[in-house]
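Side chains are part of it too, since the values below use all heavy atoms of this structure and drop only hydrogens, waters and symmetry mates.
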Amino acid sequence: MTSQNVIKEGAIAAVLYLLLMFLTLFVPIIEIVTLFLLPVPVLVFAARFGGKRAAGLFVLLALASFLFLTYYSLPLVLLTGIGGLMTGIAIHQRLTAYETWARGTVGFVIGLLLTFLAVQGMFQINIVQEMNQAINDSIAQSQAMLKDLGMAFNQEDVDALLEQMRQIVNLLPVILVVMALVLGLASQWIGYRIIGRLDKTKLRFPPFRQFQLPVGLVWIYFAALVVTWVSGDPDSIWHIGAVNVTNLAGLLVALQGLSLVFFYVHHKGMSVAVPIIVIVLTVLFPFIGLYLLRILGIIDLGFSLRNRINFDKK
């Protein structure tokens with residue numbers, strides 16, 4: 001690959017990125033789609049030409065966004081650029097699809113954290129305080145509406161509801177990681193499609209039934225669960241941290257359980273409708289569905305259930 005080709009590909013990636021950034025900033029609603037597309041130009045360039053050249057492109061994009069668009073774009077550049085960069089480098093290093101997803105998720109988490117810091121520094125907005133204020137305003141408006149309708153409400157119930165809603169703020173780290181997981185998965189899937197067409201290669205995720213997490217995740221989950229039991233103060237940093245780890249690890253273990261369902265259905269030659277029904281029921285009844293999938297995931301990881309199923313087949 002000559003330097004002229006690298007410059008040409010970099011220019012194309014830069015133009016596409018700036019166009020998507022312009023649409024995101026100035027066209028209403030379209031950001032729902034463009035947010036998943038923004039990391040792709042950096043991702044594809046990093047996958048084809050490596051990390052050093054892609055890092056240079058990222059710096060140029062940050063400067064160009066600041067000069068030609070607006071400084072409001074910088075937080076968005078940090079979010080999408082770092083995530084796309086780390087995902088593309090992982091593809092360039094020929095890591096597996098799930099390893100690449102993990103790298104990309106870390107990149108998007110870093111980007112989200114830097115975005116929060118940038119928003120707070122540039123616009124003097126404390127996101128946590130704004131969330132708490134929004135919750136208080138929502139409760140106050142609901143109380144006023146009930147009062148106007150002549151309906152009675154119990155102040156203790158309102159206080160309990162307010163406390164439960166405030167717990168959402170404590171789960172902000174988990175929310176950030178879940179957002180990073182979704183952004184990483186979507187951008188990587190789109191990047192695979194584009195790179196496959198450009199380089200005539202077959203990049204794709206393996207079947208979901210092969211999804212496998214490290215066994216150590218189970219012990220992390222149980223350790224965090226114990227900390228939530230023994231920590232006395234629910235507002236302590238240890239308790240809040242343990243709750244976040246428990247929820248995140250529990251979500252990943254539930255994915256492991258869902259993967260086991262796909263594996264078992266494929267192993268037994270059952271209808272593909274079975275895992276689809278499981279997903280639908282989990283969405284409709286998340287508390288029960290996630291709990292059952294979490295149990296399956298723990299059994300699968302802790303007792304090597306898939307190996308036992310394969311052994312029984314032999």
| Chi angles and distances behind the side chain to side chain contact (heavy atoms under 4.5 Å, CB included) call for F263, D300 | CA-CA 11 Å; F263 174 83; D300 186 23; over 6 Å; no
| request: Please say whether more than 12 non-hydrogen atoms of neighbouring residues, nucleotides or ligands are located less than 6.0 Å from CZ in F208. | output: yes
| Stepwise side chain to side chain contact (heavy atoms under 4.5 Å, CB included) check, I279 with F262 | CA-CA 11 Å; I279 294 174; F262 276 81; 4.0 Å; yes
| request: Quick one: closest heavy-atom pair of A254 and L293, and the distance? | output: O-CB, 3.7 Å
| According to a 4.5 Å side-chain heavy-atom criterion applied to Ile, Leu, Val, Met, Phe, Trp and Tyr, with indirect links allowed, do V59 and V15 form part of one hydrophobic cluster? | no
| field | Q210 side-chain N/O to P207 backbone N/O, donor-acceptor pair under 3.5 Å | value | no
| task | Tell me, yes or no, whether the heavy-atom count around F211 atom CZ, taken from other residues, nucleotides or ligands under 6.0 Å, exceeds 12. | result | yes
| task | Is it possible for you to say whether I295 and L258 belong to one hydrophobic cluster, with membership spreading through side-chain heavy-atom contacts below 4.5 Å? | result | yes
| field | Single-linkage hydrophobic cluster Y264~V274, side-chain heavy atoms < 4.5 angstrom | value | yes
| task | State whether the number of non-hydrogen atoms from other residues, nucleotides or ligands found under 6.0 Å of Y98 atom OH is greater than 12. | result | yes
| Among all residues two or more places apart in sequence or in another chain, which pass the side-chain contact (heavy atoms from CB on, under 4.5 Å) test with F287? | none
| CD1-CG distance between I175 and L248, expressed to the nearest 0.5 angstrom | 11.5 Å
| request: List, by chain and then residue number, the residues other than V272 in its hydrophobic cluster (Ile/Leu/Val/Met/Phe/Trp/Tyr, side-chain heavy atoms under 4.5 Å); write none if there are no others. | output: none
| query | How long is the gap from CD1 on I195 to CD1 on I190, to the nearest 0.5 Å? | reply | 11.5 Å
| field | 4.5 Å side-chain heavy-atom contact, L225 and T228 | value | yes
| Which atom of S65 lies closest to which atom of L18, heavy atoms considered | OG-CD2, 3.6 Å
| If we only count heavy atoms from C-beta on, is the P41 to L20 side-chain gap below 4.5 Å? | yes
When the side chains of residues 106-117 are checked against the rest of the protein, which donor-acceptor pairs come out under 3.5 Å, sequence neighbours left out?
from : atom 1 : to   : atom 2 : distance (Å)
T115 : OG1    : P75  : O      : 3.0
T115 : OG1    : G111 : O      : 2.6

| Partner residues of T246 under the side-chain hydrogen bond (donor to acceptor under 3.5 Å, both in side chains) criterion, sequence neighbours left out | none
| field | Residues in side-chain contact (heavy atoms from CB on, under 4.5 Å) contact with I12, at least two apart in sequence or another chain | value | K8, L16
| request: Go through the structure and list residues passing side-chain contact (heavy atoms from CB on, under 4.5 Å) with N247, not counting sequence neighbours. | output: L171, V174, V243
| Is there any salt bridge (Lys or Arg N to Asp or Glu O under 4.0 Å) pair reaching into residues 198-214, and which pairs are they, with sequence neighbours excluded? | R48-D199
| field | Remaining members of hydrophobic cluster (4.5 Å side-chain criterion), L60 | value | none
| said: Running the 4.5 Å side-chain criterion over Ile, Leu, Val, Met, Phe, Trp and Tyr, what cluster does L290 land in, apart from itself? | reply: none
| Listed by chain and number, what are the side-chain hydrogen bond (donor to acceptor under 3.5 Å, both in side chains) partners of S259, not counting sequence neighbours? | R306
Solution key, residues 76-85 side-chain donor-acceptor pairs under 3.5 Å, sequence neighbours excluded:
from : atom 1 : to  : atom 2 : distance (Å)
T80  : OG1    : Y17 : OH     : 2.7
T80  : OG1    : L76 : O      : 2.8

| message | Which heavy atom of A224 sits nearest to which heavy atom of V245, and what is that distance? | response | CB-CG1, 3.6 Å
| query | Between I91 and Y192, does a side chain to side chain contact (heavy atoms under 4.5 Å, CB included) hold up when you go through it step by step? | reply | CA-CA 9 Å; I91 296 173; Y192 273 179; 3.7 Å; yes
| If Ile, Leu, Val, Met, Phe, Trp and Tyr residues are connected whenever their side-chain heavy atoms lie under 4.5 Å apart, and connections chain through other members, are V178 and I220 in the same group? | no
| What's the spacing between T87 OG1 and L183 CG if we round to 0.5 Å? | 10.0 Å
| Any luck finding a side-chain donor-acceptor pair between R294 and Q256 under 3.5 Å? | no
| message | Can you confirm whether more than 12 heavy atoms, excluding those of F26, are under 6.0 Å from its CZ atom? | response | yes
| said: Could you check whether atom CD1 of I288 has more than 12 heavy atoms from other residues, nucleotides or ligands sitting under 6.0 Å from it? | reply: no
| Between L181 and W101, is any pair of side-chain heavy atoms under 4.5 Å apart? | yes
| request: May I ask you to check whether over 12 heavy atoms, not counting those of F205, lie within 6.0 Å of atom CZ? | output: yes
| How would you list all residue pairs meeting side chain to side chain donor-acceptor pair (under 3.5 Å) that involve residues 19-35, not counting sequence neighbours? | T24-T34
| message | Has Q188 got a side-chain atom pairing as donor or acceptor with A97's backbone, closer than 3.5 angstrom? | response | yes
| 4.5 Å side-chain heavy-atom contact, F36 and L185 | no
| said: Check for me, please, whether L198 and F45 land in the same ILVMFWY cluster - side-chain distances under 4.5 Å, paths through other members count. | reply: yes
| Are any non-hydrogen side-chain atoms of T96 and T100 less than 4.5 angstrom apart? | no
| said: Can you tell me how far apart CE (M21) and OG (S73) are? Round to the nearest 0.5 Å. | reply: 5.5 Å
| remark: Note: S187 and G184 closest approach over all heavy atoms is OG-O, 3.3 Å
| Derivation of the side chain to side chain contact (heavy atoms under 4.5 Å, CB included) call for Y221 and L252 | CA-CA 10 Å; Y221 172 73; L252 293 174; over 6 Å; no
| Short side-chain to backbone donor-acceptor contact, T201 and L203, under 3.5 Å | no
| message | Restricting to non-hydrogen atoms, name the atom on V261 and the atom on V278 that form the minimum distance, rounded to 0.1 Å. | response | CG1-CG2, 4.2 Å
| message | Could you measure the distance from the CG atom of L296 to the CG atom of L260? Nearest 0.5 Å is fine. | response | 5.5 Å
| request: Mind listing the closest non-hydrogen atom pair of L217 and A249 along with its distance? | output: CD1-CB, 4.1 Å
| task | Output the distance between atom CG (L37) and atom CG (L23), rounded to the nearest 0.5 Å. | result | 10.0 Å
